[in-house]
Amino acid sequence: MVKITDVARHAGVSPSTVSYVLSGKRSISEETRRRVRESIRELGYRPHAGARALASSRSNVLALMIPLRSGIAVPVVMQFAVSVVTAARRHDHDVLLLTQEEGEDGLRRVADSALVDALIVMDVQMKDPRLPLLRSLDRPSVLIGFPADAEDLTCIDLDFHAAGAVCVEHLAELGHREIALIGSPPEVYERQTQTVPRVPVYQHRSQRSRRPAREMRGGQRSAGSATGDRHRPH
DNA sequence: AGAAAATGTCAAACACGCAA
DNA sequence: TTGCGTGTTTGACATTTTCT
């Protein structure tokens with residue numbers, strides 16, 4: 001195995017200089033940097049992840065907890081996962097995947113053992129049981145979804161308000177006057193994932209004096225269809 | 001010539017297994 | 001129980017170069 005000392009000897013510098021070339025945390029002259037990079041390439045050096053974690057107290061690994069169960073659109077989850085992995089690689093990090101089944105124990109395991117530097121948690125619910133734990137850990141975390149009590153947490157989500165507005169404006173401009181919103185499956189509502197109840201029902205300004213937009217939850221039959229009042233997008 | 005900036009090196013530290 | 005070895009990072013220090 002090629003070590004940093006081998007690279008240093010080959011390039012005629014000290015190991016610390018090699019380390020600084022790799023991390024970019026200090027300025028190194030162009031000529032020295034070129035020599036070190038050349039030696040790294042020639043020798044095929046790859047830093048030892050364990051030794052690096054030992055010295056820096058950082059693993060360069062992020063945990064991503066994804067939901068995998070009924071009612072979850074796996075392709076959508078995978079889009080998030082791929083984005084996380086791609087962005088992590090751009091910053092020289094890798095991603096450790098956890099399923100939601102592992103729950104708080106899983107999060108505690110990877111955080112307390114220093115297996116990961118930070119945690120990303122998907123499918124956050126209004127009253128999510130994982131929140132007290134995430135607050136207590138000495139690792140930063142980011143939630144995808146907004147819980148009820150989010151003041152001290154870092155949360156992100158899609159802009160459903162903007163998405164709803166854009167959809168309604170678009171359909172209204174095409175001349176549609178009755179618009180139905182078909183929501184998620186019933187179990188998503190039962191679980192009270194934060195984003196779903198907050199999906200706004202928009203009315204285009206031209207139809208405010210007319211009938212309101214209606215929302216249909218996934219898997220439900222519309223009341224209108226039972227009575228002959230059809231909410232048909234047209 | 002002296003100060004400041006740039007560059008390079010040294011040595012301690014990290015967590016843990018293993019041998020003495 | 002103690003000390004060593006592992007590979008790397010990083011704060012502190014030393015040396016060289018550049019600027020005023």
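Chain naming here is simple, since letters A, B, ... match the order of the sequence lines and numbering starts at 1 in each.
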Discussion item. Could you go through A:Q100 and A:I72, starting from their C-alpha distance and side-chain angles, then the distance that decides it, and tell me whether this counts as side chain to side chain contact (heavy atoms under 4.5 Å, CB included)?
Written reply: CA-CA 12 Å; A:Q100 204 146 317; A:I72 287 292; over 6 Å; no
Going by the rule side-chain contact (heavy atoms from CB on, under 4.5 Å), which residues pair with [X] if we only count those two or more places apart in sequence or in a different chain?
X      : value
A:E42  : A:H10, A:E38
A:L97  : A:L64, A:I66
A:D92  : A:R52, A:N60, A:R89
A:C167 : none

Fill in: Distance below 4.0 Å between A:S16 side-chain N/O and B:dG8 OP1 or OP2
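So the side-chain polar atoms of A:S16 never come under 4.0 Å of the phosphate oxygens OP1 or OP2 of B:dG8.
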Practice prompt. Provide the full list of side chain to side chain donor-acceptor pair (under 3.5 Å) pairs with a residue in residues 112-122 of chain A, sequence neighbours left out, each pair given once.
Written response: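 Residue pairs with at least one partner in residues 112-122 of chain A: A:S59-A:D117.
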Discussion item. So if I take the C1' atoms of five pairs at each end of the helix from B:dA1-C:dT20 to B:dA20-C:dT1 and get each local axis, what angle do the two axes make, rounded to 10 degrees?
Written reply: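 End-to-end axis angle: 40°.
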Item to complete: Measure the CE-CG distance between A:M65 and A:L143 for me, rounded to the nearest 0.5 Å.
Response: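 Those atoms lie 12.0 Å apart.
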Fill in: A:T17 and A:S14 side chains, donor-acceptor separation under 3.5 Å
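A pair is found: one side chain offers a donor N or O, the other an acceptor, under 3.5 Å apart.
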Check which hydrophobic residues are tied to [X] through side-chain heavy-atom contacts below 4.5 Å, counting indirect links as well, and list them.
X      : value
A:Y20  : A:V2, A:I4, A:V7, A:V13, A:V18, A:V21, A:L22, A:I28, A:V36, A:I40, A:L43, A:Y45
A:L174 : none
A:L54  : none

For nucleotides 12-18 of chain B, give me every protein contact, N/O to N/O, under 3.5 Å, one pair per line with atom names.
unit_1 : atom_1 : unit_2 : atom_2 : d
B:dC14 : O2     : A:L54  : O      : 3.2
B:dC14 : O2     : A:A55  : N      : 3.3

Discussion item. Is it the case that over 12 heavy atoms from other parts of the model lie below 6.0 angstrom from the CZ atom of A:R46?
Written reply: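 Counting neighbours around CZ of A:R46, 12 or fewer heavy atoms of other residues, nucleotides or ligands fall under 6.0 Å, so no.
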Discussion item. Taking atom types as they are modelled, would you say the side chain of A:S14 forms a donor-acceptor pair with the base of B:dC10 within the 3.5 Å cutoff?
Written reply: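 Checked by distance alone, the answer is no.
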Worksheet item: Does anything in residues 20-32 of chain A reach DNA chain B, meaning a heavy atom under 4.0 Å, and if so which residues?
Response: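 Listed by number, they are A:Y20, A:R26, A:S27, A:I28, A:S29, A:T32.
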Fill in: chain A contact limits on DNA chain C, taken 5' to 3' with a cut-off of 4.0 angstrom to heavy atoms
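Here the contact window of chain A covers C:dG7 to C:dA12.
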Worksheet entry | SB check A:R9 A:D6 (cutoff 4.0 Å) |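 Salt bridge between A:R9 and A:D6, a charged N being under 4.0 Å from a carboxylate O: yes.
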